[in-house]
Every structure is written in structure tokens, then in C-alpha cells.
Amino acid sequence: MLKAMRGSYRLRQLHSTSHRSLHNEPINKSLQNIRKTTTPSKKTLNSRHDAKNKKSPISDSEIVKWNMSITAHMRNCQCESALRVFNSMPRRSSVSYNAMISGYLSNDKFDLAREVFEKTPNRDLVSWNLMLSGFVRNGNLGAARSLFDQMPERDVVSWNAMLSGYAQNGYVDEARKIFDRMPDKNVISWNGILAAYVQNGRIEEARNLFESKTDWEVVSWNCLMGGYVKRKRLVDARCLFDRMPIRDEISWNTLITGYAQNGELLEARRLFDESPTRDVFTWTTMVSGYVQNGMLDEARRFFDEMPKKNEVSWNAMIAGYVQCKRMDIARELFEAMPYRNISSWNTMITGYAQGGDISQARNLFDRMPRRDGISWAAIIAGYAQIGQGEEALQLFVKMKRDGERLNRSSFTCSLRACADVAALELGKQLHGQLVKAGYETGCYVGNALLAMYCKCGDIDEAYDVFEDIAEKDVVSWNTMIAGYARHGFGKEALMVFESMKTVGINPDDVTMVGVLSACSHTGLVDKGTQYFYSMDRDYGITANSKHYTCMIDLLGRAGRLDEAQNLMRNMPFEPDAATWGAVLGASRIHGNTELGEKAAEMIFEMEPDNAGMYVLLSNLYAASGRWVDVSKMRLKMRDSGVKKVPGYSWLEVQNMIHTFSVGDHFHPDREKIYAFLEELDLKMKLDGYVSSTKLVLHDVEEEEKEHMLKYHSEKLAVAFGILSIPAGRPIRVMKNLRVCEDCHNAIKHISKIEGRLIILRDSHRFHHFSGGSCSCGDYW
DNA sequence: CCCTACCCAG
């Protein structure tokens, strides 16, 4: 409990800092500082110089030497030395200024470049073009365009810069306008507009342009072929390849990659053998292709035979071992490789994180010399996955403080963390930031956002997000369907499923799990049966064990236990723990102790540590009055050393998480809460509520004292919610275990008495309580 | 200065 409280305060801190914007060091200031410190040396240099050649002015050839020195320093990333040279020059040509501008730009010091540009006395065409390309690289197209329009004269370089600026930022039509207006076009212009179409997925227009003339360069052929490969149109790619007048290594590599990444390794291998030149790319592509198809030994053979390896080749091989969960071998290679880049570290971190070894992952994360967005995403996802959502979110905040640019994947990972701890408020803040960054309608991020709202219990907002996703993919649809299903809105789930089909998206196996569970959570037995038996015929989906489990659940809940058992006997695989779990659940609802015992026995065998099963079974015994068996279960649980998971509930009020456990005495408002519960208890009894204390044993959090039932964590949390959340707004409570029957019953009454919408997420699903009933239809 | 290989996210 105390730990949970501490956690809540950490989370509060995290909220308050998350707004703080990143504080960059003012670069202009450092420029001034350097200038100040260099002024004396300028004087000494000048005077020495003047003393030597008093009569002759500085010759042009000498200026050239200074300029070359600036360029050399810049190339070695020594911007300050370059500036010192620049400042100490007795006379500067426009080339000197341009050397500074281009040097700053290539060292990613955009603001300094701009400062020099603005101070350049006689800007020539090169200065303008440099600055233009600077704006373009910075993604500031508005500024680029206004600079472009201001230019006293433009050459083909200026036009090309503007063209590629538009193209690379997705403004294909603007790019085309520039292209059409250009007075002269060179090869780069033609390639630029072709690439604009290809990179933005407008492959048909690219093809039309391509076929409109014949004198294309190899680069252009490669570009279009690459476009086909990315869209998995291998036949088109191959056609192009066969038509090519000249092929270079890239042409070969592109096609080999196409085959290798789409599982056609024999064809890839054939081309590999045929290829006149094999470079690091070719070899690495083969290694990676085998890895992606699970052919680890073959991959290793190629890896060992490679004449020259670089970091990427090592990383591909390491990734192979990571995917096969051979972290030991992966680590060996990682230690053995001569140079490691960020990806090498990221690969290892991901491997450890996904294998649940978060301490190794964190260790590497802390040790790595430089981190990028992917490193952060990997470690954040790692914590989120093992249920440490708070640590994950803390890291997200830390990442922002470290100045890491928020990219799509770090958002996605953090949203997932929000979803796991049901931090709706923080999730909403992230949503706001996403809108600002313009990411929110993308598929990956949109789906993560959608999932976050579903898991945080805000199903209406989830639907809004869903509608806003520009190009919904299967995952978007699946997430929405499963979301509705978990909330008990079966009809809505099926409606989404129907419109998914009308839009022309093919359902996959995950879709059908969502559809079937929607049916089972809503009691739509016939509909579910129909879907189940038509899956194969209508969508070519073979039922897997999850589908069977849904069906057994569906039939079992409806009391058709014989049919459920029949189906289980006839299914083409051995029932797993989840399948038996469905049987046990159904037995409990319908009081079939014998079947329940059998199911529980099977589950104990498969998952001896599953504490939830002990509880379910002892409840089953209790329901049929077999008290001896109940105490036997208790003993068995103690002897087998199964750890009971302590139950707790939590809710977010004004950016702060409040956690409650049974009979909680730690909350600052405990007296008000308890008094309010007493009051509620009376009203509930008047409303017809009967405490089920004596009849049923509830979950693990309650065991010895019956009166504790009254103070179950979810009741405390709901009471606190009513007291602190303004009327009219829903109360969202989360619980780490399944809601107990008595609480479920009580909350139904409370929703009616208080006229509030109460949304409870338990470990299994959502319950929307309002007006005295629950969206699960008492069927959970 | 347009084309190819490795690591993250639903």
C-alpha cells in the first residue's frame, strides 16, 4: 500500500513537470562569447601582419588560404576554431562568409548559419542557395519559400532545392508546380520530381512520368524500382529490372532486398549468385532476409562468409539471435563486434526488454554512449510491458528533459504506458502534444491513442479518435472492435465490424477474436455461432485456439455446457489454460462444481502459480456450500507457496492517482470516505441491496473478516470518486483483480442512488454502471 | 546529392 502511495506522488511530480518546455542553450550567446574572447587575438594577428607587409595589401591568394582553413576546421566539426579564423581575417571575401554558412549548416548549427547569412555584406548566389537549403533541411518551408521569392536571381540549384524541399515534406503538388515553372531542368530536377511521387506513395503518377521520356539515369530506374519493392509489387519491380539498359550495384541490391524481405529467399539467392558485384549491402540483405524468415543457421553461414562486415551486418545477425530469444549468443556477438552504433545497443535493449529482463535492458540503456528516440522508446516499452507504467512515464518525461525530440514511436510507447496504468489525464495531455506535433492522424500513433482511450475507459473519445484516423488499417478496426467488446457494447462492436467490411478491409484472425468476444460479452450466442462457423468460408480464416476459447466461453455463459464441452473435445488442438479457464468460469456461473473441479485441476497442472484459479475454485465450492473444500483450497494454496496478489483499486483525480486497498486507513480523506460509505450502505439497503457476505467468499484481498467486504478497495475508490469528482462527470475506477460479486451488486445500486455513471475496469473487462444496471449484464 | 542493408511503436 505504502509503495502504491509513493508511486502516486511520483506520478504527480511527473504531471507537473511534463508541461515544462525544453530549455535550449542560446546559441547566439555563445557566438558572442567566442567573438569577445577572440577579439584580442585578432588585434595581435593584424598588427603582426601589418608590421610584416606594411605596403602591399592582402593578396587574393592569401584570402583563399584563410578560406580553406575555415572549410577545413568546419569539416572537422571545429566550428569555434573556424570562427576564430574567420574573425581574425584582415579582409573577407564572399567565399569566407559562404564557408562559414555552409560549415555551420553541415554541423547542424542552423541559427548560427542564419546569423552569418544576415551579416553577409555582398551575398552572392551561393550564399542564397546555401541558406535556402538550410531552411529546407530544417523543414521550415514557409521561410524557404519567402527566401526563394526574395532572391535577386535563381539558378537551377535554387529551383532544385525548393523542389526537393516540397517533395520531402509531402507537398508533391507544390513540388510539381515548381518543376513545371523551372526554366532549366537538369538530371537532379527530373529525379527529384520522380522521387517526390515515389516517396509519397503516388506510384502510378511516378510510372506515368517515367514512361513519358526515355533518357532516365540508373538512379531514376532504381528509384522507381525501389518504389515497387516497398509496395511489395515484385513483378513490376522485376519487369523494370529486366528492362534496364544499365544496372549498378544498387539495382541488384534493391531487387534482392525485395525478394529477401518477402520470403522469396530462393529467388533472392539466385540473384545473389548471378550478381556481378556483391558489396556489404548485398551480403547484409541476405543475412537479414534469412533472419526474417527464421532461417538462423543459413543467416549465420552468410554472416561468417562475408568478406567485409560493418556495424549493420553485425546488427542484422544480432537481431536474428534476439528474435530467437538467444540473448546469450546475441550478447556474445555484441561484445565481440569491433564497433557498435546506436542500433546495436538498441537491438540488445529491445531483446532484454521483450524477454522481461528489464534490469539488463536498463543497464545497457544507462551505459550506452549516445541515445536516440528508439533507445528511449525501447526502454519505455520495456517498463510498460512488465506493468511498470509509472516508471515508463517517468522515463518519458526524462526523455523530454534530455531534449530528445518526441517522435512517433516514443509517443506510441508512452501512450501504451498510459493505457497500462490507465492514466487517462496524462494520456490526454499526450494527445494534446500529438495534435501540436501533427502526428495524431497517422496510423501507428492513431492506433496507440485509440487503444489508450479504450483501456482508460473513455470509449466515446476512443471512437472519436478512431473516426479521425485518416487511413485506418486492420489494427485500427481490430482495436475499436475489441475495445467495444471489452466495454460490453456488443452491438457497437458488430456495427464497426460490418462497416469494416463495407469499406473493404479484410478481417483477420484478430478481428474475429474481437467479434466473437463481443458476442460472448453480450450474450449473442446465435450470432457468435454463425460468425464462428462462417469464418473460414467468408474470410479464409482458420479458427485458432483463441477463437475456440471464445466460443466455449460463449456457449458456457449461456448455460450450454454440454455443447461447450463437445466443441472442446472436437477442436484440433489440446486445450490450454485459457480454454479451461472459460470452462471454469462457466461452471462457476451455473454452479456446476464437478466440471469446475476438472477444469481447475487441468489449470493447476499447467499453471501452478495461477492464484486467480485457486480463488475461482474456492468460490465455486463456497457457492455450493462445500466449506471443507474451501479450507482445503486455502491450505493447498499456502502449501504450494502461490503468492496471493493483493487487490487494490485506483482512480485519477485532478492529475493525481489515488490508490486504495481493502480497509484502507492511509488516505488523508479516510474519515469522510468511511462516513459516506455508511450513509450509502443505508440508502442501498433501502433500495433493496442485500450484502452477500455470508454466502460467498470473495477474492483474495478479502479473507478473514466479513465486515471487510464493506470496505473493499473498489467501494472505497468509488466513494472517494463521488466525493471528489463533480456531478455529471463519470467516475473511472480501476482494479487489478476481478471485481467481486458483492461490489458489483453494490455499485449498481450506488449508480442509481447517486445518479452517476461509474466506469470500472477490472482485470478482465469494463463495467459501465448507470441507473442501477451494468453494461456487462451481470455476465462477466 | 536523387537509389540499397540493421534497431522502436498499434
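Each chain gets a letter, A, B and so on, in the order the sequences are listed, and its residues count up from 1.
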Check: A:Phe302 ring centre within less than 6.0 Å of A:Phe272 ring centre: yes
Atom-to-atom span, CZ of A:Arg137 to P of B:dC2 - whole angstrom: 11 Å
Under 3.5 Å: donor-acceptor pair, side chain of A:Arg247, backbone of A:Trp252: no
Selected nucleotide, minimal atom distance to A:Val312 side chain, candidates B:dT4, B:dA5, B:dC2: B:dA5
Sugar-phosphate only, base, or nothing, as touched by A:Thr479 at under 4.0 Å among non-hydrogen atoms: nothing
Closest approach of A:Ser189 to A:Asn160 (non-hydrogen atoms, all atoms of both residues): OG-OD1, 2.8 Å
A:Gln292 side-chain N/O to B:dA5 phosphate OP1/OP2 under 4.0 Å: no
Atom-to-atom span, CG of A:Asn253 to P of B:dC6 - whole angstrom: 12 Å
Phosphate OP1/OP2 of B:dC6 contacted by A:Gln323 side-chain N/O (<4.0 Å): no
Nucleotide of B:dC1, B:dC6, B:dC7 approaching A:Ala316 most closely (side-chain heavy atoms): B:dC6
Protein-nucleotide distance (A:Met337, atom CE; B:dC6, atom P), rounded to Å: 14 Å
Distance, rounded to the nearest Å, where A:Tyr339 contributes OH and B:dC6 contributes C1': 18 Å
Base B:dC7 to side chain A:Thr347, donor-acceptor N/O within 3.5 Å cut-off: no
Rounded interatomic separation in angstrom, taking CG from A:Asn160 and C1' from B:dC2: 10 Å
Proximity of A:Trp345 and A:Phe365 rings by center, below 6.0 Å: no
For atom CH2 of A:Trp345 and atom C1' of B:dC6, their distance in whole Å: 17 Å
Interatomic distance where CD belongs to A:Glu217 and C1' belongs to B:dT4 [whole Å]: 17 Å
Residue-phosphate contact under 4.0 Å: A:Lys230 side-chain N/O, B:dT4 OP1/OP2: yes
No-H, no-angle donor-acceptor pair, A:Asn310 side chain to B:dA5 base, under 3.5 Å: yes
Donor-acceptor pair, side chain of A:Asn262 and main chain of A:Glu264, under 3.5 angstrom: no
Given B:dA5, B:dC8, B:dC1, the nucleotide with the shortest approach to the side chain of A:Ile374: B:dC8
Under-4.0 Å side-chain N/O to phosphate OP1/OP2 contact, A:Gln199 with B:dC3: yes
Integer-rounded Å distance: B:dC2 P and A:Asp215 CG: 20 Å
Shortest side-chain distance from A:Ala381, nucleotide among B:dA5, B:dA9, B:dC6: B:dA9
